[in-house]
Amino acid sequence: MTDPRILTVRPEPDEYAWTFGGAAPVARVAPGTVLDLFTEDCFAGRVRSEKDLVSEVCEFPFLNPQTGPFHIEGAEPGDTVAVHFVSIEPARDWAASTTVPLFGALTSTHATASLQPPLPERVWIWELDRARRTALFRARDSDFERELPLEPMHGTVGVAPANLEVRSALVPDAHGGNMDTPEMRAGVTCYLGVNVEGALLSLGDGHARQGEGETCGVAVECAMNTVVIVDLLKGVATPWPRLESDTHIVSTGSARPLEDAFRISQADLVRWLVSDYGFSELDAYQFATQTVESPLANVCDTNYTCVAKLRKEWLPARETYRGVHARLRETARALRG
């Protein structure tokens, strides 16, 4: 096996992207390149104590900084970029979570307006034990503490949107973006449809852990050291971001209302079964209905994100995406030694 090229990127504070589309690439990379990346947390590292309120230390709209974008050589509209997550590791011994006025699933928002006052702003600092793989929750209003397992993931992964659009890094849509799904973890391959020449791949928004739905709007936000392998599938279209693990295939959908995000993810899964696994559309619809798992990703962002996942062991033994997940998994194993 030929050793892949490794590109290490540790951005300076003024070198992050804040949008998908509209940002110049930081590097051109060939398919097969390994990216060894540092990603800053969604607060750009500015929330470091319980006194650091987002409204005081952060400047909207400069939230959710992305490392990238990376121009993938040879990528053209109609292709698919495959991003395999080799490792996602917290870069610090702490992470932060907050409540933010007019943001989250259980409070008034700009889109769901009411006359009640916003929830108060509050910060929780989580202590991370990277050796023991734990995150410590410490209550603000009692002496309750609980260690929870680290489950690192990336909330935001995406490419430039189609039609000359520039989208905030806070928004998930067909290009990927701020999907906030716990499925985006080490060992998973993410498939993103290419909309512009070079794709312009970026990622960020590391979470030390997150519950499904990201209810208050903020996970355990953490800077990350992340290694990914980037590959390119020519002539393969991917209408919505998809993921593949060793055990599942996963479709995503991002929209409002929540029912439409659900419909997008379910319809995309049905179409995946038709295109790659030999089902007719109605057989796929019936089979998916009885087998799908449908965890929520986020119910707080500008668009909500739903996930539709199906166990591979229940599917016909056929290759999807030209077997790229298995191939990249072997490359990842070689990298880890």
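Note: hydrogens, waters and symmetry copies are ignored here, and every other heavy atom, side chains too, is used. Computed from a predicted model, the values in this text were never measured in an experiment.
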Chemist: Between Asp93 and Arg130 (salt bridge meaning N to carboxylate O under 4.0 Å), is one present in this structure?
Modeler: yes

Chemist: Among all residues two or more places apart in sequence or in another chain, which pass the ring-ring contact (aromatic ring centres under 6.0 Å, His included) test with Tyr304?
Modeler: none

Chemist: Which pairs count as ring pair (Phe, Tyr, Trp, His ring centres under 6.0 Å) when at least one residue sits in residues 198-253, sequence neighbours excluded?
Modeler: none

Chemist: May I ask you to test the Tyr16-Thr39 pair for a side-chain heavy-atom distance under 4.5 Å?
Modeler: no

Chemist: Which pairs, with at least one residue in residues 41-73 and sequence neighbours excluded, count as a ring pair (Phe, Tyr, Trp, His ring centres under 6.0 Å)?
Modeler: Trp18-Phe62

Chemist: Looking at Lys309 and Glu183, is there a salt bridge between them, counting it only when a charged N and a carboxylate O are closer than 4.0 Å?
Modeler: yes

Chemist: Going by the rule ring-ring contact (aromatic ring centres under 6.0 Å, His included), which residues pair with Phe287 if we only count those two or more places apart in sequence or in a different chain?
Modeler: Phe279

Chemist: Which residue pairs pass the salt bridge (charged side-chain N to carboxylate O under 4.0 Å, His left out) test with at least one member in residues 278-288, sequence neighbours excluded?
Modeler: none

Chemist: Which residues, ordered by chain and number, are linked to Leu106 in its hydrophobic cluster, where ILVMFWY side chains connect at heavy-atom gaps below 4.5 Å, directly or through other members?
Modeler: none

Chemist: Can you run down the salt bridge (charged side-chain N to carboxylate O under 4.0 Å, His left out) pairs that involve residues 45-74, sequence neighbours left out, and say none if there aren't any?
Modeler: Glu50-Arg140

Chemist: If a pair satisfies salt bridge (charged side-chain N to carboxylate O under 4.0 Å, His left out) and one of its residues is in residues 157-166, list it, with sequence neighbours excluded.
Modeler: Glu165-Arg167

Chemist: Could you identify which residues cluster with Val196, counting Ile, Leu, Val, Met, Phe, Trp and Tyr as linked when any side-chain heavy atoms lie under 4.5 Å apart, either directly or through a chain of such contacts?
Modeler: Leu200

Chemist: Scan for salt bridge (charged side-chain N to carboxylate O under 4.0 Å, His left out) pairs involving residues 15-36, sequence neighbours excluded, and state none if there are none.
Modeler: Arg10-Asp36

Chemist: Sequence neighbours left out, what passes side-chain contact (heavy atoms from CB on, under 4.5 Å) with Leu150? Give chain and number order.
Modeler: Pro90, Leu128, Arg133, Ala135, Pro152, Ala208

Chemist: Which pairs, with at least one residue in residues 318-337 and sequence neighbours excluded, count as a ring pair (Phe, Tyr, Trp, His ring centres under 6.0 Å)?
Modeler: His84-His325, Tyr191-Tyr321, Trp272-Tyr321

